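It should be emphasised that the depicted structure is a prediction, and the values quoted were computed from it without experimental measurement. Side chains are part of it too, since the values below use all heavy atoms of this structure and drop only hydrogens, waters and symmetry mates.
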Amino acid sequence: MRIGSGFDIHVFEKGRKLTLAGIEIPYHSGLKGHSDGDVVLHAIADAIAGALAIEDIGSQFPDTDQSLKGISSSVILKHYRKKFESCHAKILNVDIILIAEKPVLKTWYVQMKENIAELLHIEPSQIGIKAKTMEGLGEIGKGNAIACFVSILLDFVSS
C-alpha cells in the first residue's frame with residue numbers, strides 16, 4: 001500500500017466558469033489557470049503521482065505548453081488513472097478537503113463524488129469530501145481563491 005498527498009490552489013478570475021471535481025458550479029467567477037483550473041482534480045492527480053512516486057502534473061502537463069491551454073482537468077486525471085492501472089494498483093480511498101470562503105459547496109458533494117468515481121473507476125463510497133473556510137483569513141478567506149488538499153490510498157494487486 002502507498003499513500004499520496006496532493007495540493008492545489010487557484011485564484012478567481014472573472015469571465016471563467018467555476019469547475020470543481022469536473023463539474024460546473026454556478027458562480028460569478030471561475031479559477032484562473034492554464035487548464036480549466038479545477039483544484040480538486042489537480043490535487044487528486046498529484047496525490048496519485050505522489051503515491052506512485054512519478055512526475056507531478058506540472059511536469060506532465062506544463063503551463064508553458066501552449067497546446068495544453070484550456071485542457072480539461074478530467075483529461076489530466078484520466079492520464080494518472082492509466083498510470084496507476086498500469087502498475088496494477090487500485091484506489092482504496094480518496095479524502096478531499098476543499099478550502100473556500102465562497103461559494104458554499106456542500107450541495108455539490110454527491111455530484112462531485114459521482115464524477116470523481118466515474119473518472120477513477122471506483123465507487124462514490126470510496127471518496128470523502130468536505131469543505132472548510134479560512135474564517136476570513138488570507139486570500140482564500142477574502143474570497144479570492146480556492147485550495148484543495150487530497151490524500152489517497154493505493155493498494156497493489158497481483159497481476
Side-chain angles (χ1 to χ4, degrees), residues 4-85 91 94-122 124 127-152 154:
S5 299
F7 171 78
D8 199 28
I9 185 170
H10 286 270
V11 297
F12 280 107
E13 180 177 69
K14 292 205 182 291
R16 290 184 61 114
K17 293 179 180 178
L18 178 58
T19 304
L20 295 172
I23 62 169
E24 189 176 326
I25 308 290
Y27 198 59
H28 61 72
S29 300
L31 295 172
K32 183 177 181 178
H34 190 68
S35 66
D36 58 13
D38 189 328
V39 294
V40 177
L41 298 188
H42 293 178
I44 295 170
D46 273 344
I48 293 168
L52 296 176
I54 61 174
E55 292 183 322
D56 67 4
I57 64 171
S59 299
Q60 293 287 301
F61 298 89
D63 62 6
T64 55
D65 185 341
Q66 288 308 305
S67 71
L68 299 173
K69 183 85 172 142
I71 188 172
S72 167
S73 297
S74 295
V75 171
I76 295 170
L77 189 57
K78 287 175 186 176
H79 168 84
Y80 281 94
R81 183 195 71 225
K82 289 176 186 172
K83 294 284 188 188
F84 75 75
E85 287 174 343
I91 293 175
V94 180
D95 188 35
I96 301 163
I97 303 171
L98 274 157
I99 305 172
E101 213 66 26
K102 297 278 182 182
V104 175
L105 299 169
K106 189 173 185 173
T107 58
W108 300 99
Y109 289 177
V110 170
Q111 194 174 348
M112 287 178 176
K113 286 172 132 185
E114 288 172 351
N115 194 59
I116 293 166
E118 183 178 326
L119 290 168
L120 293 175
H121 297 165
I122 62 175
I127 302 165
I129 188 166
K130 58 228 151 257
K132 304 293 179 184
T133 70
M134 290 290 291
E135 302 293 330
L137 299 172
E139 290 303 309
I140 296 172
K142 293 176 189 172
N144 296 330
I146 293 180
C148 186
F149 291 93
V150 170
S151 297
I152 195 163
L154 296 182

Considering all heavy atoms of both residues, which atom of [X] and which atom of [Y] are nearest to each other, and what is their separation?
{"X": "Leu41", "Y": "Asp38", "result": "N-OD1, 3.1 Å"}
{"X": "Asp65", "Y": "Ser67", "result": "OD1-OG, 2.5 Å"}
{"X": "Ala47", "Y": "Gly6", "result": "CB-N, 3.6 Å"}
{"X": "Val39", "Y": "Ala147", "result": "CG2-C, 4.4 Å"}
{"X": "Leu105", "Y": "Ala100", "result": "CD1-CB, 4.3 Å"}
{"X": "Ala131", "Y": "Tyr109", "result": "N-OH, 2.7 Å"}

Exercise for the section: Count the heavy atoms belonging to other residues, nucleotides or ligands that lie under 6.0 Å from CD of Glu13, then report whether that count exceeds 12. Expected result: yes
Problem - Atom NZ of Lys132: over 12 foreign heavy atoms under 6.0 Å - result: no
Practice task
Take Ser35 and Leu68, measure what side chain to side chain contact (heavy atoms under 4.5 Å, CB included) needs, and give me the verdict at the end.
Solution key: CA-CA 7 Å; Ser35 66; Leu68 299 173; over 6 Å; no
Exercise for the section: Could you pull out all residues at least two apart from Phe61 that satisfy ring pair (Phe, Tyr, Trp, His ring centres under 6.0 Å)? Expected result: His79
Practice task
Can you spot which of Leu52, Ile57, Leu119 makes a side-chain contact (heavy atoms from CB on, under 4.5 Å) with Tyr80?
Solution key: Ile57
Exercise for the section: Mind running side chain to side chain contact (heavy atoms under 4.5 Å, CB included) on Ile44 and Leu120 for me, showing each step along the way? Expected result: CA-CA 10 Å; Ile44 295 170; Leu120 293 175; 4.1 Å; yes
Nearest-0.5 Å distance, [atom1] of residue [X] to [atom2] of residue [Y]:
{"X": "Leu20", "Y": "Met112", "atom1": "CG", "atom2": "CE", "result": "5.0 Å"}
{"X": "Ile99", "Y": "Thr133", "atom1": "CD1", "atom2": "OG1", "result": "9.5 Å"}
{"X": "Lys102", "Y": "Ser29", "atom1": "NZ", "atom2": "OG", "result": "13.5 Å"}
{"X": "Trp108", "Y": "Ile23", "atom1": "CH2", "atom2": "CD1", "result": "6.0 Å"}
{"X": "Glu101", "Y": "Leu137", "atom1": "CD", "atom2": "CG", "result": "8.0 Å"}
{"X": "Ile127", "Y": "Ile122", "atom1": "CD1", "atom2": "CD1", "result": "4.0 Å"}

Practice task
With side chain to side chain contact (heavy atoms under 4.5 Å, CB included) as the test, would you mind laying out the steps for Asp46 and Val150 before giving the verdict?
Solution key: CA-CA 9 Å; Asp46 273 344; Val150 170; over 6 Å; no
Practice task
Step by step, work out the side chain to side chain contact (heavy atoms under 4.5 Å, CB included) result for Thr19 and Leu31.
Solution key: CA-CA 8 Å; Thr19 304; Leu31 295 172; over 6 Å; no
Handout entry: Backbone of Glu55 reached by a side-chain donor or acceptor of Gln60 within 3.5 Å
Key = no
Exercise for the section: Give a yes-or-no answer on whether the side chains of Asp36 and Ser73 include a donor-acceptor pair shorter than 3.5 Å. Expected result: yes
Handout entry: Residues Lys142, Glu139: salt bridge by 4.0 Å N-O rule
Key = yes
Exercise for the section: Give every residue pair that meets the ring pair (Phe, Tyr, Trp, His ring centres under 6.0 Å) criterion with at least one member in residues 17-38, sequence neighbours excluded. Expected result: Phe12-Tyr27
